[in-house]
Amino acid sequence: MIEVQNLHKSFGAQKVLRGIDLRLDKGKVLVIIGPSGSGKTTLLRCFNLLEQPDIGTLRVGEIVLDFKEGFKPKQEQILKLRKQSGMVFQAYHLFPHMTAAGNVMEGLITVQKKNKAEARRVSLELLERVGLGNKADSYPHMLSGGQQQRVGIARAMAVNPEVLLFDEPTSALDPELVGEVLRVMKSLASSGMTMIVVTHEMKFAAEVADRIILMDSGRIIEEGSPQEVFQNPKSPRAAQFLNILT
Ligand code: ADP
């Protein structure tokens with residue numbers, strides 16, 4: 001479903017990803033953890049080409065791109081790839097002048113080319129799925145941070161993606177609002193959605209992840225089931241990082 005091989009990315013002289021290999025099967029949840037600055041967000045952004053890898057192979061569904069010097073993906077490849085992945089950002093960036101339903105409808109109309117009535121119907125369904133069926137006509141400023149992030153999730157699902165990418169989706173929220181967002185993510189995971197989640201929520205990772213990767217300085221230093229990674233880390237660096245958290 002998703003596979004990267006030998007992925008490298010630098011910003012100027014700074015090597016941020018130094019040879020990442022991973023694969024994720026359909027319907028599975030991958031959680032990416034690691035210290036700040038280890039390259040987690042950059043890796044996530046490579047999956048939908050918000051960042052372009054320098055070197056490496058990236059496969060999402062049927063699309064395979066082989067990055068090397070001088071290679072630039074075609075615009076249609078970028079669009080095709082982005083249609084397969086929905087991104088949920090740390091700050092939800094909802095359009096302030098549009099209602100919850102309006103925010104979700106946007107992608108349905110512009111990307112999916114649905115008419116307004118159909119887009120409205122689907123957006124109500126999606127809002128229902130994230131527990132906000134009764135907030136469809138509320139504007140973002142009338143919603144709590146947790147509710148806004150749930151609209152962000154519904155919006156990411158609107159393009160009917162093969163995979164949902166989450167970039168620290170709860171880190172901008174007040175602690176009492178984190179639970180409602182994690183609950184929605186959990187229910188998506190159990191409905192069979194393929195998900196890649198960058199997070200510091202270790203309890204969520206332990207409960208929901210099929211696989212965990214722990215990154216440090218642009219490399220994967222530990223990977224496996226939550227049990228393997230949390231209870232039996234192989235490298236001293238991983239043990240040290242996990243110790244700090246617990
Ligand atoms: P993490 O998500 O693990 O905190 P990031 O992927 O955000 O790590 O960042 C890894 C490193 O890459 C950091 O040192 C960061 O400053 C740098 N970086 C990230 N994005 C950019 C960018 N667009 N331009 C320059 N440097 C960047």
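Basis for what follows: all heavy atoms, side chains included, without hydrogens, waters or symmetry-related copies. Just follow the structure's listing: the first ligand is 1, and inside any ligand the first atom is 1. By convention here, the first residue in the shown sequence is residue 1.
Considering only non-hydrogen protein atoms, atom 4 (O) of ligand 1 sits nearest to Gly37 N, 2.7 Å. For atom 7 (O) of ligand 1, the nearest non-hydrogen atom of the protein is Thr41 CB, 3.6 Å. For atom 9 (O) of ligand 1, the closest non-hydrogen atom of the protein is Thr42 OG1, 3.9 Å. Atom 13 (C) of ligand 1 has its closest protein heavy atom at Gln14 NE2, 3.9 Å. Of the protein's non-hydrogen atoms, Gly39 N, 3.2 Å is the one closest to atom 8 (O) of ligand 1. Shortest contact from atom 3 (O) of ligand 1 to any protein heavy atom: Lys40 NZ, 2.8 Å.
Classification of Glu207 and Lys203 as a salt-bridged pair holds, one side-chain N sitting under 4.0 Å from a carboxylate O. The pair Arg150-Glu180 counts as a salt bridge, with a side-chain nitrogen and a carboxylate oxygen less than 4.0 angstrom apart.
Between Tyr139 and His141, the ring planes are parallel. Angles under 30° get that label, and only those over 60° would be called perpendicular.
Listed here is the closest heavy atom pair of Gln52 and Lys9: O-NZ, 2.9 Å.
Within ligand 1, the atoms closer than 4.0 Å to a non-hydrogen atom of Pro35 are 3 (O), numbered from 1 in the order shown. For ligand 1, the atoms lying closer than 4.0 Å to a non-hydrogen atom of Val16 are 10 (C), 11 (C), 12 (O). In the vicinity of Ser38, heavy-atom distances shorter than 4.0 Å reach the ligand 1 atoms 1 (P), 3 (O), 8 (O).
Taking any N or O of Glu168, backbone or side chain, none lies under 3.5 Å from an N or O belonging to ligand 1. When only interatomic distances are considered, the shortest N/O to N/O separation between Phe11 and ligand 1 does not fall below 3.5 Å.
With a 4.5 Å cut-off on side-chain heavy atoms, Leu65 and Leu81 count as touching.
One distance of note links CE of Met215 with OG1 of Thr42; it measures 8.0 Å at 0.5 Å rounding.
Both Ile212 and Met193 are assigned to one and the same hydrophobic cluster, defined by single-linkage of ILVMFWY side chains at heavy-atom distances under 4.5 Å.
Protein heavy atoms are found less than 4.0 angstrom from atom 21 (C) of ligand 1.
By the 6.0 Å contact criterion, CD on Glu176 is enclosed, its count of non-hydrogen atoms from other residues, nucleotides or ligands being greater than 12.
Of the candidates Val31, Leu22, Ile32, Asp167, Ile196 forms a side-chain contact (heavy atoms from CB on, under 4.5 Å) with just one, namely Ile32.
Contact analysis leaves Gly34 out of contact with ligand 1, as no non-hydrogen atom separation drops below 4.0 angstrom.
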